[in-house]
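A quick write-up on the structure given underneath.
Order of the sequence lines fixes the chain letters, A, B, ..., with proteins taken first and strands second; residue numbering starts at 1 for each chain.
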2 protein chains.
Amino acid sequence: MTMIEPNGHFCSDCAIRGIAVCASLDLAELREFEHLGRRVHFATGETVFSEEDITTSFFNLLEGVMRLYKLLPDGRRQIVGFALPGDFLGMNMSSRHNFSADAIGAVTACQFAKVPFGRFIEDRPHLLQRINELAIRELSQARDHMVLLGRRSADEKVATFLLGWRERLIALKGSSNTVPLPMSRQDIADYLGLTIETVSRTFTKLERHGAIEIIHGGICLRDPARVEALAAA
Amino acid sequence: MTMIEPNGHFCSDCAIRGIAVCASLDLAELREFEHLGRRVHFATGETVFSEEDITTSFFNLLEGVMRLYKLLPDGRRQIVGFALPGDFLGMNMSSRHNFSADAIGAVTACQFAKVPFGRFIEDRPHLLQRINELAIRELSQARDHMVLLGRRSADEKVATFLLGWRERLIALKGSSNTVPLPMSRQDIADYLGLTIETVSRTFTKLERHGAIEIIHGGICLRDPARVEALAAA
DNA sequence: GGCCAAATTTGATTTGGGTCAATCGGGTTC
DNA sequence: GAACCCGATTGACCCAAATCAAATTTGGCC
């Protein structure tokens, strides 16, 4: 983490107010909440926290994308998710993080010290309720991803990933057939349980079939129906 | 579901009080809670709820084992988890179940109607807190399972499964090298993202190497260290 | 106990995706 | 603008696990 905003930000005009945990707070609470968090920035590739680190903070992602991953002792990596603005990171049992998180590109987050945040929650059940909702939604996504990892072919994995990623971006920024992919091919491979070569080949194949166009920093959906058909299978 | 206990059970002497959601309730609350749930039984293979069903109830598993799974349109199945006594099922966003649940063998559960249960939670933040803890623990398990599905070999998957299952049984019933496996080989395969043949072959291989012994309805760990070495890899 | 159906194991063969090895761009530096 | 670097692509080959196909064991049920 490289710098701390010289203060001067307000929750009430935060871009992600409305989708993040803080959506459950009223204006009075928000004013108090404001003092708990501080805005922090991370540079490309910087690690925000590592698996097995003691949890000292929670993070509310404001801008940018993060990869969340676990490593096996021999270095194999599984990306368990990509975090986007509005995602809340750091909740755990056991007081240790159970995955690592890196910034993909520049990232801005709202950081909360664990203890005061915990105290703030205590007498605000609706905030706890909100956190619970987010956890349950993530759990549902995690289960969907298990199906993908355990039972889908490489083509299906890639098609499903493109559509799912696109959906998330649409929810944030509105609809478009252009899908930016800020993460590397290796990241995509480690998310889908494939190798970088297979991801690359599958992209090329989709492009040859006219389903997508590979552009700089992403892809463009040329034939969404075809991609959907592949993903459904 | 086939029968309803003619009443006459008490939360205070419930076998799983202490590990389940209700661990967070004091005796006075427990007396009230008692009236919300009713004990239900399911026979072998019976479906407790199906994916996409509207959620009308939550279940607290008291006895037996359940498989939790998702199906792809073409019938491929991914088991997303096995539920054991103490597990709480049915929480979701969206008011629909996001997986199906079958009884493996006879099952007893405590069933709660969604609406009164929701009302009961509302003014009991510590119960919500408990549910949140369980959700977060499940999320952590789900992420571990993603690593297994995406990045582990067949041998590692099977070894990891046996040790993990054993751990869960130890937590419930105490330590033993004998590991009952009430689920079928097909269930294990669908949990590990393998085929039934690969699971069977891997079991046989482990037995030939003296790591385990295949017994009726389960396995016996002959050389736990060797199995652990395989799982760690 | 004997018979059928289902589950499991075992064997032979195939294949999707991994591994290894170049090669290609596109960006940056000097 | 040449040299370099690094991510991405492409090609050739290989192998772990899937598929296909029996054989065998197990369990329920008359």
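Checking A/R222 against A/N177 by side-chain atom types alone, no donor-acceptor pair falls below 3.5 Å.
A salt bridge links A/R76 to B/E156: at least one charged side-chain nitrogen sits closer than 4.0 Å to a carboxylate oxygen.
Backbone-only contact: B/G193 has heavy atoms under 4.0 Å from sugar-phosphate atoms and none from a base. Across all strands shown, B/T204 has heavy atoms under 4.0 Å from sugar-phosphate atoms exclusively, and none from any base. Using a 4.0 Å heavy-atom cutoff across all strands shown, A/S200 reaches at least one base atom of the nucleic acid.
As a whole-Å value, the separation of B/L192 CG from D/dA16 P is 19 Å. Between A/Q186 atom CD and D/dT9 atom P there is a gap of 12 Å when expressed in whole angstrom units. In this entry the distance linking CZ of B/F203 with P of C/dT10 reads 13 Å, nearest Å. Note: CD1 (A/I219) to C1' (D/dA8) measures 16 Å, nearest angstrom. In this structure, B/H216 atom NE2 and D/dT25 atom P are separated by 16 Å, rounded to whole Å. Atom-to-atom, CD1 of A/I214 to P of D/dA8 comes out at 11 Å; the value is rounded to the nearest Å. The distance between atom CZ of A/R76 and atom P of D/dA16, rounded to the nearest whole Å, is 13 Å. Distance A/K205 NZ to D/dT10 P: 13 Å, rounded to the nearest Å.
If you find the closest nucleotide of DNA chain C to A/R152 and to B/M183, the one lying nearer the 5' end belongs to B/M183. The residue among B/T195 and A/I196 whose nearest nucleotide of DNA chain D is located toward the 5' end is A/I196.
For B/R201, whose side chain is taken as the heavy atoms from C-beta onward, the closest listed nucleotide among C/dG11, D/dT26, C/dT19 is C/dG11.
Distance check: A/L139 CG to A/R137 CZ gives 12.5 Å after rounding to the nearest 0.5 Å.
Under the side-chain contact (heavy atoms from CB on, under 4.5 Å) test applied with A/Y69, the options A/V80, A/D190, A/D102 reduce to a single match, A/D102.
Both the sub-6.0 Å distance and the 45° axial angle are satisfied by B/R185 relative to the ring of B/F203.
If you check distances only, the side chain of B/E197 does reach the base of D/dC20 with a donor-acceptor pair under 3.5 Å.
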